[in-house]
Amino acid sequence: MKLATSSLFQISGIALGTAILVSATSTPAKAISFVSQRADLQANDKIDWADLDFGISVPIAPGTVAKFVPYSFTGQSEQGLGYSVDIPKINNPRFTPPFIFPVTPSVPVNYSLGDAALFTGFAPGGFPAVGNPGPITIKFDTPVLGVGTQIGVDDSFQYTAFISAFDQQDNLLDNFSVAGIPPLNGIDNSAAFLGVSNNIANISKIVISSTEPNRALSLNFLSIKRASTPEPGIVFALGLLGIGLLTTKKKTTSNN
C-alpha cells in the first residue's frame, strides 16, 4: 500500500508539473508587431548574402561582380541558424537567375556601400527593366523572435512593400506593408526596412513582396532576433515540476 501511495504522489507531481508546463506554453502570445527600424529589432544574429559559398561569379558593372545563385537554396546565419530561400522560377531564357551583388558606385542602390543584396533576377536591356517580382520566401530551421531587412524594387519609384510572417504550422501570424523608398539619392541607406517581432519565438517563415508585378526585388542582409534562453513561463513550470518530483522522492524515502 505504501508503494501504491508513493506512486500516486509521483504521478500527481508529474501531472501537476505537466499541466503547468502546458498552460505556460499555450498562453496566448502578444500580437506580432511591425518593426520599421533595424535598430528596434535588437537583433543578435544575421544573414549576410555575401557569406554564401556557392554560385557563378559574373561581372555586371565596373568594379562589381555578381554571384548567380539557384532559385532555391539553403544556408546558415552567422550564428548557425539554418534557413532556406525560395524565389519563383521564371521559365524565360531572357531572364537572369537570382544573383547576389555588392552595392558599389556603379550599382548605386540605396542600401549602404558594400552591402550584399539578394536580387530576384531580370531581363537585361531597356528601362524600366522587366524583372522577376518574387515573392522571396525565407524559412528558418528554428523559429525566431524577430526578423527584418531592407527592400528595393528595381526601376520603380512608387510602390508598396509587404512582409508576411508564418508559424511552424504555416499559419499566418500577420502581414504588414510600407511605402517603398526609391534610390533617388544613391547610396544613402534610405531603403525601407520591413521587420516583424513577437514576444515568443514562433516566426518560422517570412514572405516579402511588392505591388509591382513585373519588377525585380532586392533585399540586403537580414537582421534576426533569436531566443537565447527558454521562455520564463517554461522555466517556472519546469521548476515546479522539479519541486514536485523532489517532494515525492522525500515522501517515498520516509515511507520506506
Side-chain angles (χ1 to χ4, degrees), residues 34-36 38 46-50 52 55 58 60-61 64 66-75 83-92 94-104 107-112 115-140 147-166 175-184 186-196 203 205-224:
F34 177 65
V35 181
S36 61
R38 194 182 293 272
K46 176 181 179 181
I47 294 176
D48 189 341
W49 308 117
L52 295 179
V58 177
I60 60 171
T64 309
K67 184 182 291 185
F68 288 83
V69 296
Y71 285 90
S72 297
F73 60 87
T74 61
Y83 68 87
S84 64
V85 173
D86 287 291
I87 299 169
K89 186 173 183 178
I90 300 293
N91 293 310
N92 186 328
R94 294 180 54 236
F95 279 72
T96 71
F99 58 87
I100 311 294
F101 69 88
V103 176
T104 68
V107 187
V109 182
N110 57 333
Y111 300 141
S112 292
D115 277 0
L118 171 63
F119 189 72
T120 53
F122 73 123
F127 182 91
V130 178
N132 185 342
I136 300 175
T137 300
I138 302 171
K139 296 180 180 179
F140 306 106
V147 58
T149 183
Q150 288 169 276
I151 183 173
V153 175
D154 191 38
D155 291 350
S156 297
F157 298 97
Q158 188 173 3
Y159 63 91
T160 300
F162 302 94
I163 183 169
S164 300
F166 299 81
N175 52 56
F176 304 94
S177 64
V178 66
I181 301 175
L184 299 178
I187 305 169
D188 60 0
N189 198 36
S190 64
F193 184 83
L194 285 165
V196 288
I203 302 170
K205 180 178 80 174
I206 59 170
V207 178
I208 296 177
S209 59
S210 85
T211 51
E212 293 294 281
N214 297 303
R215 300 288 179 268
L217 294 177
S218 70
L219 307 177
N220 67 353
F221 65 94
L222 264 69
S223 293
I224 303 170

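In this chain, residues are counted from 1 in sequence order. Worth saying up front: this structure is predicted, and the values here are computed from it rather than measured.
- Considering every non-hydrogen atom in both N214 and P133, the closest pair reads N-CB, 4.4 Å.
- Between F73 atom CZ and S84 atom OG the span is 9.0 Å, to the nearest 0.5 Å.
- Side chains of N220 and R38: a donor on one and an acceptor on the other come within 3.5 Å.
- Taking each heavy atom of S209 and I151 in turn, the nearest pair found is O-CD1, 4.0 Å.
- With no hydrogens or angles considered, no side-chain donor-acceptor pair links Q150 and N110 at under 3.5 Å.
- Taking every heavy atom of both residues into account, G195 and F34 meet most closely at O-CD1, 3.2 Å.
- With hydrogens and angles ignored, the 3.5 Å screen pairs a side-chain donor or acceptor of T120 with a backbone N or O of L217.
- Using a 4.5 Å heavy-atom threshold, the side chains of P88 and Y71 count as separate.
- Side-chain atoms of T149 come within 3.5 Å of backbone N or O of F221 as a donor-acceptor pair.
- S156 approaches Y159 most closely through the heavy-atom pair CB-CD2, 3.9 Å.
- Distance CG/N132 to CZ/R215: 12.5 Å, rounded to 0.5 Å.
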Candidate pair F140 and V147, rule side-chain contact (heavy atoms from CB on, under 4.5 Å), full reasoning: CA-CA 10 Å; F140 306 106; V147 58; 3.8 Å; yes
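- Proximity of a side-chain donor or acceptor of D154 to a complementary backbone N or O of A216 within less than 3.5 Å is not detected.
- Under the 4.5 Å side-chain criterion, counting only non-hydrogen atoms from C-beta, V58 is not in contact with F99.
- Atom-to-atom distance recorded for L222:CG and W49:CH2 is 5.5 Å, nearest 0.5 angstrom.
- The minimum heavy-atom distance between A116 and I100, with the atom names listed, is CB-CG2, 4.0 Å.
- Considering I163, T137, I138, D86 in turn, T137 is the only one that fulfils the side chain to side chain contact (heavy atoms under 4.5 Å, CB included) rule with V207.
- Partner of F122 under the side chain to side chain contact (heavy atoms under 4.5 Å, CB included) criterion, chosen from D155, T96, I90: T96.
- A donor-acceptor contact shorter than 3.5 Å links the side chain of T211 to the backbone of T160.
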Carefully, step by step, assess F101 and V109 under the rule side-chain contact (heavy atoms from CB on, under 4.5 Å). CA-CA 10 Å; F101 69 88; V109 182; 3.7 Å; yes
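- To the nearest 0.5 Å, the span separating CG on N175 from CD1 on I208 amounts to 12.5 Å.
- With rounding to the nearest 0.5 angstrom, the OG atom of S72 is 8.0 Å from the CD1 atom of I87.
- The shortest heavy-atom contact between V35 and F193 is O-CD2, 3.5 Å.
- Note that the CD1 atom of I136 and the CD1 atom of I206 stand 9.0 Å from one another [nearest 0.5 Å].
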